[in-house]
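Remember, it's a predicted structure, so these values are computed and weren't measured experimentally.
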Amino acid sequence: MANQLFVAATFIGFLVLIVSVGIYSSTRKQNTTADYILASRAVSPWLTALSAMSTGQSGLLFLGQVGFAYKIGISSIWLVIGWAIGDYLAWLFFFKRLRQISEDTSSDTVSAFLAQNHSGARWISIVSAVVIIAFLGSYAASQLVAGSKALHVVFGWDYSLGIVLGAIIVIIYCFSGGVRAEIWTDAAQGIVMIASLLLLLTVAIAKCGGIGELWTKLSSIDSQLVNLNPKNLPLGFVPFFIGWIVAGFGVVGQPHILVRAMAIDSPNNINRALNIKTICALINSFSAIGIGLTARVLLPGLMTGGDPELALPYLAGELLPAIFVGLMLSGVFAATMSTADSQILCCSAAITQDIFPQFANSYRLVKLGTLTVAMIVLSIALAGDNNVFLFVTFSWSALASALGPLLMLRVWQFPITTPVAILMMVAGIAAALSWNLVLKLSPIVYEVLPGMVAGMLVYLIARIFTKKRQMVEDGRGKIEGRR
């Protein structure tokens, strides 16, 4: 009982700290929709980096990635490496121009940026906003589920109670200062994430007898756990690895991360933020893999009689003093809340700025939109599946496939018509869904690759037909001119 009280005290202290940060950020806010959605484009590179890192890693890191490493072993490292490479390339080649052009075109949301006031832009805004609400809303729901799983392990609470608590906390600091409150709290949560993961990893490795002893014990359980080559890859390693690189590159289709780049104080600070974010994210990801591997040795029963995604909170409960268990629980909750709040606000912006632009200049209606989205996400979380890894990776792939190709074309200012833009989004989602659910090939090559390729193919085919038609029209014009 005393241990439970210490855990609860630490956890409550964390919640008070985070909510206080969100409320304090409101002292810097302006009561405008532009400030609520993009923090007046005045966010420092350090805050951008930590916020993008914590928002991007989410409950997938603490639960999904730890559970993935627990099940398949050291070969899970290729997911981290491939994802990091793709993510880095996307930021390097697209995010600086995204920041520049979004300001030049007065685009405050991702859907507005994709439309860019071209002919028929309203339809692009509506379709992309619907995609964002559908898949980003599901993504946010998975974060509430992830946080509730950690609370269930430590306190024995029913999942629904943790989901409701998470939703209430997100609403509080979303209302406090919009995206500025999110970014400030995300940065604080990011620091907690790094500290908690490194703490548990250090203690767990020591408990296993050191890295060498850990390796030996893993090998004795199953030699595949220490094999860098993933098994069951009919097409070989290269397509598998390229699939995960493209998965990381899929950040170009994630609105909750794109708005971080759009909100930074200067395009010239994008690369600085990228380097900080990458270092912090790799520390977290490698720590999560290490925790998953140590949990396989110390908690072998989860493989047959439990949920590997709960390895981290169970391990913390076994190895750490109560006050540090509270810190670990705070880290898990930080990861989930930092993502859920960003996604809820993006969905709210999609409704109030893109689908119903008549609400765009009403600060109160924008906040009402946030509350509405939060209630929808809460409902999905209460009714949805509890597998965080599958929930997150599929939502990520759908957004990347639908929005990523179109965003890349907009960033580099390639000409595109409204019908082609809409068809690209539809084809991307259809390809990703078919690859995952019908063909069931995602374990071989992650569905972001075929999804994004399908979208780009639609554009290339349309360009070829457009050029041919233009050549025919030019030929007719010359003939008529001679007459």
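Ring geometry, Phe241 versus Trp78: the interplanar angle exceeds 60°, so the pair is classed perpendicular (tilted spans 30 to 60°). Taking the six-membered ring where tryptophan is involved, the planes of Trp83 and Trp396 are tilted, since the angle between them lies from 30° to 60°.
His152 contributes a side-chain N or O that, together with a main-chain N or O of Trp157, makes up a donor-acceptor pair within less than 3.5 Å. Using modelled atom types, no side-chain atom of Ser401 and backbone atom of Ala398 make a donor-acceptor pair closer than 3.5 Å. Under the 3.5 Å distance criterion, the side-chain polar atoms of Ser219 are left unmatched by any main-chain donor or acceptor of Thr216. Formation of a donor-acceptor pair under 3.5 Å by the Arg260 side chain with backbone atoms of Thr48 is not found in this model.
Across Tyr70 and Gly301, no two heavy atoms sit closer than the pair OH-N, 4.1 Å. Residue Gly166 comes nearest to Leu144 through the heavy atom pair C-CD2, 3.9 Å, listed as atom of the first residue, atom of the second, then distance. The two residues Gly137 and Cys347 have their closest heavy-atom pair at N-SG, 3.7 Å. Nearest heavy atoms, Gly253 versus Leu403: O-CD1, 3.8 Å. Closest approach of Leu282 to Ala84, counting heavy atoms only: CD2-CB, 3.8 Å. Ala381 and Val145 get closest at one heavy-atom pair: O-CG2, 3.8 Å.
Inspection of the Ser397 and Glu447 side chains reveals an N or O donor paired with an N or O acceptor under 3.5 Å. At a cut-off of 3.5 Å, with distance as the only test, no side-chain donor of Ser54 or Asp186 sits close to an acceptor on the other residue.
Annotation: Phe93 is not in aromatic contact with Phe249 [ring centroid separation under 6.0 Å not met].
If you take CD1 on Ile351 and OG1 on Thr109, they are separated by 12.5 Å, rounding to the nearest 0.5 Å. Atom CD1 of Ile444 and atom CG of Asn232 lie 9.0 Å apart (nearest 0.5 Å). From Met193, atom CE reaches atom CG of Leu198 across 11.5 Å, with rounding to the nearest 0.5 Å. Going from atom CD of Gln343 over to atom OG of Ser348 covers 13.5 Å, rounded to the nearest 0.5 Å.
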* Decide side chain to side chain contact (heavy atoms under 4.5 Å, CB included) for Phe95 and Leu258; before the verdict, give the C-alpha distance in whole Å, the side-chain angles of both, and the deciding distance to 0.1 Å. => CA-CA 8 Å; Phe95 279 44; Leu258 295 173; 3.5 Å; yes
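No salt bridge links Asp222 with Arg296; every basic N to acidic carboxylate O contact stays at or beyond 4.0 Å. Glu309 has no carboxylate O lying under 4.0 Å from a charged side-chain N of Lys71, or vice versa, which leaves the two without a salt bridge.
Residue Phe11 places its CZ atom among more than 12 non-hydrogen atoms of other residues, nucleotides or ligands, all under 6.0 Å distant. Around atom CG of Leu92, more than 12 heavy atoms belonging to other residues, nucleotides or ligands sit under 6.0 Å away.
With contacts defined as side-chain heavy-atom distances shorter than 4.5 Å, the pair Met53/Leu50 qualifies.
Of the options Val179, Thr185, Thr336, Ile171, a side chain to side chain contact (heavy atoms under 4.5 Å, CB included) to Asp341 is made by Thr185 and by none of the others.
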